Number of protein chains: 2
Amino acid sequence: MGAVTIKHVAKEAGVSLQTVSRVVNNGPNVTDAMRERVRAAIDKLGYVPNMAARRMGGSKSYLLVAFNDRKPTLEKWRAGRGSDWVAQMLLGAIPRCERDGYHLLLELLDGHSAKLHQKIDAIISSLRPDGVILTPPHSQDRSIIDQLEHRKVPYARLSPGEDDERGFRVRMDERQAAVMATRHLLDLGHRRIGFLTGSAEYAVSTERLEGFRAAMADAGAAIAPEWVRQGEFSFESGIASADALFALRGPPTAIIASSDEQALAVLHRAKDMGLDVPADLSLISFDDTPPIAFSLPPLTAIRHPTAAMAERAAALLIEGHGLDMPPSPPCTLPFELVVRGSTVPPRR
Amino acid sequence: MGAVTIKHVAKEAGVSLQTVSRVVNNGPNVTDAMRERVRAAIDKLGYVPNMAARRMGGSKSYLLVAFNDRKPTLEKWRAGRGSDWVAQMLLGAIPRCERDGYHLLLELLDGHSAKLHQKIDAIISSLRPDGVILTPPHSQDRSIIDQLEHRKVPYARLSPGEDDERGFRVRMDERQAAVMATRHLLDLGHRRIGFLTGSAEYAVSTERLEGFRAAMADAGAAIAPEWVRQGEFSFESGIASADALFALRGPPTAIIASSDEQALAVLHRAKDMGLDVPADLSLISFDDTPPIAFSLPPLTAIRHPTAAMAERAAALLIEGHGLDMPPSPPCTLPFELVVRGSTVPPRR
DNA sequence: CTGAAAGCGCTTACAG
DNA sequence: CTGAAAGCGCTTACAG
């Protein structure tokens with residue numbers, strides 16, 4: 001049994017518990033000699049502080065909780081469609097947490113449950129995390145933010161909406177990304193461009209659509225109303241939108257999808273219709289999850305800096321002074337337009 | 001501040017702390033009336049026990065730790081190749097943990113680090129998890145098992161090796177899967193079948209190769225030594241093996257890859273060489289991660305029951321009596337041969 | 001069936 | 001710069 005406690009170390013080093021605690025926590029007012037002596041005892045005994053006891057004593061919990069939307073997360077994992085949003089989040093956050101002895105706990109939140117707030121309260125009460133990472137769409141949910149503020153739990157919001165400035169905010173410029181994607185197509189000579197929106201409850205959906213509209217307006221290119229398909233991020237939604245667009249009398253020569261799944265769906269339907277991508281139809285997708293690079297053709301896509309955003313969120317929570325900080329400006333991370341084989345000039 | 005403690009509940013209900021604790025933990029010897037009274041107080045106050053305090057008091061930690069190999073995990077996430085092993089593990093384990101109020105902590109272990117055991121000790125000492133889920137290759141590491149036994153931490157091993165019977169073991173029949181894959185090709189008429197092995201430190205690599213050899217022997221089909229390529233699970237290894245096989249005077253008409261990445265690599269090289277899959281070359285892959293189903297052609301593959309295995313591991317740890325149990329027989333979960341478009345009869 | 005006491009392993013004020 | 005005391009919020013024996 002690894003029952004090495006602070007007492008054992010104190011005895012070994014011939015000092016008080018208090019001094020050991022100071023050394024462990026890099027406290028001030030310790031002689032170098034004393035510090036060395038205690039360190040030696042710690043190493044000899046292989047002492048590691050018990051988190052639960054630490055927490056009980058009144059220190060941090062060294063726990064960060066990441067809330068993810070339950071249904072889409074489980075569905076994506078189950079469908080095996082390769083969306084690796086959560087993996088990218090872990091990739092960014094876990095190593096950052098490790099650096100400072102923190103642990104990351106992934107919790108699934110059911111946004112449509114009446115018990116949502118109850119569940120959040122339970123997690124806060126039982127785990128007492130030092131911070132919470134909020135992902136979309138929860139990162140835009142005022143009532144959750146209210147709750148976190150009330151409970152005085154520091155939080156960082158990934159892809160926050162535009163209309164609430166509270167908390168740490170980490171984002172990418174979705175609007176600008178859509179502008180860049182649209183310009184890329186305009187530069188290639190496209191004028192008839194279709195746009196598939198993401199789920200309405202995600203703020204990014206609106207931002208992307210705005211960017212598209214702005215870029216088209218800038219170029220003096222008109223947008224026929226039927227070119228914009230309201231939809232969701234899902235494959236199924238992509239299928240429906242693709243069918244609608246392909247059925248038009250003058251169908252678009254290019255399509256911007258708001259998610260990789262949508263784009264993959266368009267690719268599938270295009271093939272079914274005998275349309276060649278990119279010869280007959282150019283296609284750009286948002287997010288750049290794995291299947292996109294492996295598809296045939298590989299798709300041009302906006303790469304979402306999910307890992308970098310999660311890392312930043314963890315860093316802000318670990319380093320930050322939490323709720324004492326005034327609302328700071330959002331931290332905007334760079335995205336990238338990855339040009340692959342799915343975008344070429346239109347046929348005529 | 002959600003400072004609702006057991007004391008508040010006790011006062012509200014007019015009983016002792018002890019009684020509240022009994023109700024919370026479904027202890028025996030409580031009147032129904034008393035139970036109701038306490039429950040009402042708990043609901044009214046929104047009381048949720050503090051985990052750290054619970055743990056300190058001597059109860060379970062309600063924490064399960066899953067150890068994953070650091071380097072391949074991070075590399076895969078970084079490369080964005082869509083291997084979703086970890087996601088599948090989370091998909092299986094997290095909901096199972098939630099059911100009983102447990103939390104799953106994902107920890108990355110550096111197998112090649114001199115401090116491996118130190119790190120494990122630190123995690124056990126600081127977190128005091130109620131159980132550990134071991135994934136390959138750690139699930140076959142005797143020294144880790146020794147350490148866990150010594151520390152008396154219950155553990156479940158995913159894809160354990162054959163030569164160590166300790167702990168809970170959850171596996172799929174890798175050998176049989178290879179047999180089935182091989183038979184599928186034999187049934188189609190293939191006799192010249194290439195086999196790409198996985199990384200040597202993974203027990204499954206050996207098991208799969210054995211299955212292949214056994215099935216071939218059963219069918220009276222000889223295996224030329226050069227058809228078996230020792231390699232790793234990586235894309236790069238797949239490229240090298242593919243090149244070696246394609247360079248043979250009488251190249252195989254079919255290839256079994258030990259991982260999806262290898263298979264994808266073979267597919268890429270085949271295209272480069274002007275070989276058509278499946279017309280010129282049939283291809284089967286192991287694991288069935290997302291890009292495999294989206295590739296062109298979609299690949300026939302052995303689907304690995306990762307999520308089911310993780311769920312079972314969590315269940316065994318949560319329900320199990322841990323180390324008091326005698327070594328039980330391994331729990332073998334069913335796999336599946338998913339036949340897609342990459343396997344057809346050989347040309348001649 | 002219910003309650004008062006001790007203790008888990010730390011940290012935070014408070015002395016010296 | 002170092003130490004003795006109190007307390008965090010629970011649970012586990014132990015009484016009654």
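The model shown is predicted, which means the values in this text are computed figures rather than measured ones. Side-chain atoms are counted along with the backbone in the values below, which use heavy atoms only and exclude waters and symmetry mates. First the proteins, then the strands, lettered A, B, ... as listed; each starts at 1.
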More 5' along DNA chain C: B/Leu17 or A/Val20, using each one's nearest nucleotide?
B/Leu17
Whole Å only: how far is the [atom1] atom of [X] from the [atom2] atom of [N]?
X       : N      : atom1 : atom2 : result
A/Asn50 : D/dC8  : CG    : C1'   : 13 Å
A/Tyr62 : C/dC10 : OH    : P     : 13 Å
A/Arg22 : C/dC10 : CZ    : P     : 16 Å
B/Met56 : D/dC10 : CE    : P     : 13 Å
A/Arg35 : D/dC1  : CZ    : C1'   : 11 Å
A/Lys60 : C/dT11 : NZ    : P     : 11 Å
B/Gln18 : D/dT12 : CD    : C1'   : 8 Å

Look at all strands and tell whether [X] reaches a base, only sugar-phosphate, or nothing, counting heavy atoms closer than 4.0 Å.
X       : answer
B/Asn29 : base
A/Met34 : sugar-phosphate
B/Arg55 : nothing

Between A/Tyr202 and A/Gln140, does any side-chain donor sit less than 3.5 Å from a side-chain acceptor?
no
For the residue pair A/Arg169 and A/Ser139, confirm or rule out a side-chain donor-acceptor distance under 3.5 Å.
no
Polar side-chain atom of A/Arg128 near backbone of A/Ser125 as donor-acceptor pair, under 3.5 Å:
yes
Without swapping roles, check the side chain of A/Thr5 against the backbone of A/Lys7 for a donor-acceptor pair under 3.5 Å.
yes
Does the structure show a Watson-Crick or G-U wobble partner for D/dA4, both distances under 3.5 Å? Name it, or say none.
none
